[in-house]
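No hydrogens, no waters, no symmetry mates; every other heavy atom, side chains included, goes into these values. Every chain is numbered from 1, with letters handed out A, B, ... down the list of sequences.
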Amino acid sequence: MPDIVVCLKQTVDIYQLKPHPETLEPQFSQAQSKISDFDLNALEEALRIREKHGGGRVVAVSAGPSVNQLLIREILAMGADEAHIISHPLMASADGYVTAKVLSKLISKAGRWDLILCGEASLDNSDYQTGPRLAEIFHLPHLAYVSRLEISERSIRAWKVMEDGVHVAECSLPAVVTVGLEINTPRLPSLLMIRAASKKPIHEYKLADLGLGEDDLKPYVQLLELKALKVERRRQKLEGTPEELASKLADIIVEEGLARR
Amino acid sequence: MTVLVHGETPQLSARLVTAGARYLQGETFNILHTGDLPPETLNLYGGAGASTVYRISQELSAAGPAMIATTIAMTARETNSTAILLSSTKYGREIGPRVAEILQGSYSTECTQLEKTDSGIVVRRLVLGGAYQAKLLMAREPYVIGLQAIADVAGGAGQAPRVVELSAKVEAPRIELVEVQRPEASHVDLERADFIVGVGRGFKKKEDLALAEELAKVLGAEIGCSRPISGDLKWMSEDRHIGLSGKRVRPRTYLALGISGQVQHLVGIRDAKLIISVNIDPNAPIMSESDYAVVGDLYKIVPLLTEKLRERLGRR
């Protein structure tokens, strides 16, 4: 019955994000926040492990500039037992180093655990950093890009999706596992679960509670500029019968598509 | 500045040296190599411009990312390296954060450009689903950089690099690699393909992909796919997956068949010179991301197109 910590990030919903027409900067205020997709897969996997092994705690941790309690309630409604969170405005400029440091302190508040589960990357930055950094901080083995996970008494076996195929690997517990979208489909909480979740504890911390100061939130990597990439395509729409379309396409491919670089 | 380079294969290490030297001119590039070091590999490194090869005789990669990361960090310290260049592959992304954590340096991955400035190294990378480019200042040494090594190896015979043998007495958490389940398909190098036919959820059955394969054969094209095809459906191997968590390709032409054009896929094809799409849904996002967007049924159009091209190109 492993106890599991799941790291969850609140990010902007990138699918709603539109660039400012002139500055090309993303208009964050016009998009909603959500839990990063992969992190929900991590939570779902933790819940499935608990169900399969008949027990164990599932603890959610989250750090950000202003962690939205409603989203944390959703996590608890899905089935996490408790949440440990910290909000600090300086987390808006956090890099992978700061994020992992703060999360590691939160995790240290979460009691004993056997496994840390994270999404393989975040929806907004896709940095792929949090899992391996936590593994290094806690001096643990890390299994990444996991599409299937089996857990036994003191060890885990994971199917890692790599470029050249699936790597089946094992390590001992405690460990860090980062998961991809393929591993499962996150559940949607029922009304009953949402109601039950209102009684579950959310522990909110201040920086000092974690033994941190504002200096600890200074990133090693700073954002200088963020702009939408504009690739202008010709956007010619072709319509007609399949026969006509195939002819036009053949022309385009022969005349333009196959030209050598 | 001394730069320590480690790619997961000799080819990648050599490409990283070439790409790195383009941005950080005049710096010294050394390679950390594990396992056997045959003369042709040493020549490859020399041709790319490496000064010294630090060699560890054991093959460490099977023991997992912590072993190799700890070894890289140790070597970087011993060689006073101010920058560490890694590949932006899945392997590179497992080890990079660990190296940065051990050395307490700044880290950035999937960097497409590097620029040395007085306050650190400025890199660019895509964020927010690949739709935006971030310009980042890596302010703290050492700089641990995952570089998109798309450059070819600078050819030619360079000076033979000096070889320094290191012994790796590293303690780090291990993983055991039990087995590698390779896809039945042979290795594809999508990053270098001139013409790619991309397939997506518009195909209803795995067998129907034969339509795309026929077309690709006539065109001499490679086949790539969106994430659902290789991920959820497993109709194709992961090495054909184009997108945010797969390959970034830069063909002369990308022909998207039945691909709706989610941002995660679009980021992978952004560098295509010409994008042509066939999709039955006139409102699919791919329509506005194409140079030529065909609204129609790929099941009807693709066989006709294959036939016409076969005639035009005089191929079987």
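The main-chain N or O of S172(A) is never found under 3.5 Å from a side-chain atom of R174(B) such that the two would form a donor-acceptor pair. With K90(B) contributing its side chain and V161(A) its backbone, the two residues share a donor-acceptor pair below 3.5 Å.
In terms of heavy atoms, G130(B) sits closest to L229(A) at O-CD1, 4.3 Å. Nearest approach of P141(A) to P173(B), heavy atoms of both residues: N-CB, 3.3 Å. Closest heavy-atom contact between Y91(B) and Y145(A): N-OH, 4.4 Å. Across all their heavy atoms, L223(A) and A134(B) have their closest contact at CD1-CB, 3.7 Å. Shortest non-hydrogen contact noted between L304(B) and A246(A) is CB-CB, 3.5 Å. Across all non-hydrogen atoms, the minimal contact from I175(B) to A169(A) is CD1-CB, 4.1 Å.
Between K308(B) and D251(A) no salt bridge is recorded (no basic side-chain N to carboxylate O distance below 4.0 Å). Contact check on D164(A) versus R182(B) returns a salt bridge, with a Lys/Arg side-chain nitrogen under 4.0 Å from an Asp/Glu carboxylate oxygen. Taking a cutoff of 4.0 Å between a charged side-chain nitrogen and a carboxylate oxygen, R233(A) and E289(B) do not qualify as a salt bridge. Ion pairing between a basic and an acidic side chain is recognised when a charged N comes within 4.0 Å of a carboxylate O; K160(A) and E238(B) show no such pairing. R93(B) and E120(A) are not joined by a salt bridge, as no carboxylate oxygen comes within less than 4.0 angstrom of a charged side-chain nitrogen.
If you measure heavy-atom distances from E307(B) to chain A, you find no contacts under 4.5 Å at all. For T89(B), the parts lying under 4.5 angstrom from a heavy atom of chain A are both the backbone and the side chain. If you measure heavy-atom distances from L255(B) to chain A, the contacts under 4.5 Å come from the side chain alone. Proximity to chain B (any heavy atom under 4.5 Å) is shown, for K218(A), by neither the backbone nor the side chain. Both the backbone and the side chain of Y107(B) have a heavy atom closer than 4.5 Å to some heavy atom of chain A. If you measure heavy-atom distances from A135(A) to chain B, the contacts under 4.5 Å come from both the backbone and the side chain. Contacts of V294(B) with chain A are made by both backbone and side-chain atoms, with heavy-atom separations under 4.5 Å. No part of T306(B) comes within reach of chain A, as not one of its non-hydrogen atoms sits under 4.5 angstrom from that chain. Using a 4.5 Å cut-off between heavy atoms, V99(B) does not touch chain A at all. Contacts between I14(A) and chain B at a heavy-atom distance below 4.5 Å involve the side chain alone, from C-beta outward.
Two residues are said to be in side-chain contact when any heavy atoms from C-beta on lie closer than 4.5 Å; D127(A) and R125(B) meet this criterion. Contact annotation: the side chain of I301(B) never approaches that of E243(A) to less than 4.5 Å [non-hydrogen atoms, C-beta and beyond]. L128(B) has its side chain within reach of V12(A): a pair of non-hydrogen atoms, C-beta onward, lies under 4.5 Å apart. At least one side-chain heavy atom of S288(B) sits under 4.5 Å from a side-chain heavy atom of R235(A). Side-chain contact between L17(A) and Y132(B): present, with at least one pair of heavy atoms (C-beta onward) separated by less than 4.5 Å. Looking only at side-chain heavy atoms (C-beta outward), H142(A) and R98(B) come within less than 4.5 Å of each other. With a 4.5 Å cut-off on side-chain heavy atoms, R133(A) and E101(B) count as touching. For the pair V127(B) and S126(A), the minimum side-chain heavy-atom distance is 4.5 Å or more.
Here the CG atom belonging to L215(B) is positioned 9.5 Å from the CG atom belonging to L249(A), to the nearest 0.5 angstrom.
Against chain A, the residues from residues 276-285 of chain B that qualify, each with a non-hydrogen atom under 4.5 angstrom away, are I276(B), V278(B), P282(B) in number order.
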Discussion item. Checking Y128(A) against E94(B) for the side chain to side chain donor-acceptor pair (under 3.5 Å) test, could you report, in this order, the C-alpha distance in whole Å, the side-chain angles of both residues, the deciding distance, and whether it holds?
Written reply: CA-CA 8 Å; Y128(A) 296 85; E94(B) 283 180 79; over 6 Å; no

Worksheet entry | Verdict with reasoning, Q264(B) to Y15(A), per side chain to side chain donor-acceptor pair (under 3.5 Å) | CA-CA 10 Å; Q264(B) 296 98 318; Y15(A) 307 112; 2.4 Å; yes

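Take Y143(B) and apply the ring-ring contact (aromatic ring centres under 6.0 Å, His included) test, not counting sequence neighbours, and it matches no residue.
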